[in-house]
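Reminder, nothing fancy here: chain letters follow the sequence lines and each chain counts from 1.
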Amino acid sequence: MSASLTFWKPGTVGPGSNLDRASEVEGNIIPYAPSHSLLSTQGQLPISKHREKLLYCVEKYGATIVVGQTGCGKTTQLPQYLLQAGWADGGHVIACTQPRRIAATSVAARVADEIGVKLGDEVGYTIRFEDVSSKERTRILYMTDGMLFRETLVDPLLSRYSVIMVDEAHERSVYTDLLLGILKKIRQKRPSLRIVVSSATLDATKFLDYFSQGGSEDDAVIVSLEGRMFPVEVAYLKEPTPDYVRKAAQVVWDINLQQNSGDILVFLTGREDIERCLEELAHMLPTLPPRSIRLIPMPLHAGLTTEEQLQIFQPAAPGTRKAIISTNIAEIRVYNPTTALASLATVPVSVASATQRAGRAGRTSPGICYRLYPMSVFTTLPPTTSPEITRTDMTTPILQLKSLGIDDLMKFDWVSAPPAETVLRALEGLLAAGMIDEYGRLTMIGEQVSECPVEVGIARMLFYSKDHKCGEEILTIAAMTAVQDVFVIPDGAAGALAELERRKFTAEEGDHFTLLNAYNAFTRYGRSSGWCKSHALSFRAMSRAVSIRSQLKKYMQRFNLPIESCEGDSKRLAKCLVSGYWRNGARWTADGTYRSVRGNMVLSVHPTSVLFTRKPRTGWVIFHEMEETKKTQYVDQNMRVLTITNGAFSG
DNA sequence: ATGTCAAGT
């Protein structure tokens, strides 16, 4: 059924003119997969053929590694098979963890629907701030992996679970890795626990080796489910492109002109590229020939509201075609343990995720994948993306591991170990903060802080608010620092107006006080979204801050920390802030930059900080975080940009 | 005189 693909003949306008085909095909033009198949998990479920094999393996092996494409049905079906096979008998629970909240909730809803039960009864989900499950009735529980990891602090053997399925393990999020490490340990003490590790890529042997190591032959097995259902043709550029965003727009345009049906899904590295790609397409749209399919470009990234994100699932109207311009994780956070500096780096896609993405075009019909680089580049790509645990700050996770009784971190059986320097840096920080003693043992405050779902410094600040009698305000500041993008400042003329609104909250003392003002005003004016809109605030961010604040308040009450107001005494508040940020001090210099107290690094204030246009009265500031940015139009390349607040280093 | 962003508790 395939095709001579006329648009690829030399000399024609379009992707064909500069594309190399990976495979020759014959017949008519291959139709594109409709968008629901690109983005959702509907369609046939090849997993059903493997039902008996899977159940046999879970029964016999401690860890079953399941390899199958996203959408093959493992996430929704396997827990149901386990339920039918009796794994939830005797009050036991089958857990399925996801790296993202949206996945945990949407999958739970679908499975409840399939079984025909009310969500929250036999089938439920648990994510932060939302527990839609029943302690007595829930048999299949979907949850974020971070949530289950946290549960180990309360129940170290996770005794209510009979089977734990760690889904999307190939993504290697920090919590997935930590959870796998803990699960292996739990199995030594509780061999009846069964582990299912689900991976969409072939690097699953890594998990097999991990769970086989140090055990008997019955410890781990791989079950491979059927691969992609329809052929996906892969096309490459003949020459590398100097501007891949523009190229992406051109290819989208050419596909629209030359293909009769189906939607288009594009992966770019970040929000900025998405905006630019949409602009390019907007310029081209008026030149669309009459009677051709109407192209509807749609952005997709985490900065959108949930409603906006859900819109992409709506089928395109007749005569139209969606082009979804989406982010991926090509832009990853890297962390330098020597300088404790995090920055965002654009890295090449890995072979594993490029393969997985191509598979998305073949869910319900044959499809085509256009790679915007030459085939020769593909062979040089790294096989997989490095696990997050190898490139992130580990202070909080290590405190949590300590709390679980895992003291010797060098000997901990990591799936992938964090760099030794990262571990040392974390231990050093915990020691300085008084969370561990010189022997590496948890202190009393360390034990309590390990339970708090905020960064160590922020938690420390909450505990010290008792001494400064300002728990009320510190609670708010702690919650506000945990949400991002509080102020909404658009580009252009609207931005200038928004800037004026923001100034109404601005406090001379710095960003933390400004955030406090914004929060207090938000609650004073009835927590309305309309009020936020007219005051340049994000209603979503503010509402989240309210949730986080009430959660943190419960922790403070549990630890008998008083929630008193400082009654407008900003000095007291500033002193308390320093107790959390005492390691993040910087000194003003005459050229307008700062020098960090630790490391004497050159720092610049981020333009979103209220201190961007101010000189600190005392010459000293504390700051929330420092991060290396891409924009280096500063005096020299070593300049750091940071979010900063004027603290109380007056001394 | 100027602006990083995938995800989680």
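- Heavy atoms of A:Thr396 sit nowhere under 4.0 angstrom from any nucleic acid atom.
- Protein atom CZ of A:Phe612 is 7 Å distant from nucleotide atom P of B:dG3, rounded to whole Å.
- Here A:Arg101 reaches the OP1 or OP2 of B:dT9: one of its side-chain N or O atoms lies under 4.0 Å away.
- Within 4.0 Å (heavy atoms only), A:Thr144 reaches sugar-phosphate atoms of the nucleic acid but no base atom.
- Comparing B:dA7, B:dT9, B:dA1 against the side chain of A:Pro453 picks out B:dT9 as the nearest.
- The separation between A:Glu499 atom CD and B:dA1 atom P is 16 Å, rounded to whole Å.
- Among residues at least two apart or in separate chains, salt bridge (charged side-chain N to carboxylate O under 4.0 Å, His left out) pairs with a member in residues 545-558 of chain A are A:Glu451-A:Arg558, A:Glu472-A:Arg549.
- For A:Pro387, the side-chain contact (heavy atoms from CB on, under 4.5 Å) criterion is met by A:Arg172, A:Asp177, A:Ile389, A:Thr390, A:Ser416, not counting sequence neighbours.
- The side-chain heavy atoms of A:Cys96 and A:Thr75, taken from C-beta on, include a pair separated by under 4.5 Å.
- Following rounding to the nearest Å, A:Asp485 (CG) and B:dT4 (P) show an atom-to-atom distance of 12 Å.
- Between B:dC5, B:dT9, B:dA6, one nucleotide has an atom nearer to the side chain of A:Glu272 than all others, and that is B:dC5.
- Side-chain proximity of A:Arg128 to the nucleotides B:dA1, B:dA7, B:dT9 is greatest for B:dT9.
- If you check every strand for non-hydrogen atoms under 4.0 Å, A:Ile548 touches nothing.
- Within residues 93-100 of chain A, the residues approaching DNA chain B are A:Pro99, A:Arg100, by heavy-atom distance under 4.0 Å.
- Between A:Gln448 atom CD and B:dT9 atom C1' there is a gap of 18 Å when expressed in whole angstrom units.
- Side-chain contact between A:Leu577 and A:Phe513 is present, with heavy atoms from C-beta onward closer than 4.5 Å.
- Every side-chain contact (heavy atoms from CB on, under 4.5 Å) that A:Tyr210 has, sequence neighbours left out, goes to A:Lys184, A:Asp413, A:Val415.
- One can place CZ of A:Phe129 at 11 Å from C1' of B:dG8, the figure rounded to the nearest angstrom.
- Applying the salt bridge (charged side-chain N to carboxylate O under 4.0 Å, His left out) test to residues at least two apart or on different chains, none of the pairs has a partner in residues 474-485 of chain A.
- Partners of A:Thr176 under the side-chain contact (heavy atoms from CB on, under 4.5 Å) rule, at least two apart in sequence or in another chain, are A:Asp145, A:Val166, A:Ala169, A:Ser173, A:Leu180.
- Straight-line distance from the CZ atom of A:Arg614 to the C1' atom of B:dT2: 15 Å, rounded to whole Å.
- As a whole-Å value, the separation of A:Arg391 CZ from B:dA6 P is 14 Å.
- Taking atom CD1 on A:Ile274 and atom P on B:dT4, their separation rounds to 16 Å, with Å as the unit.
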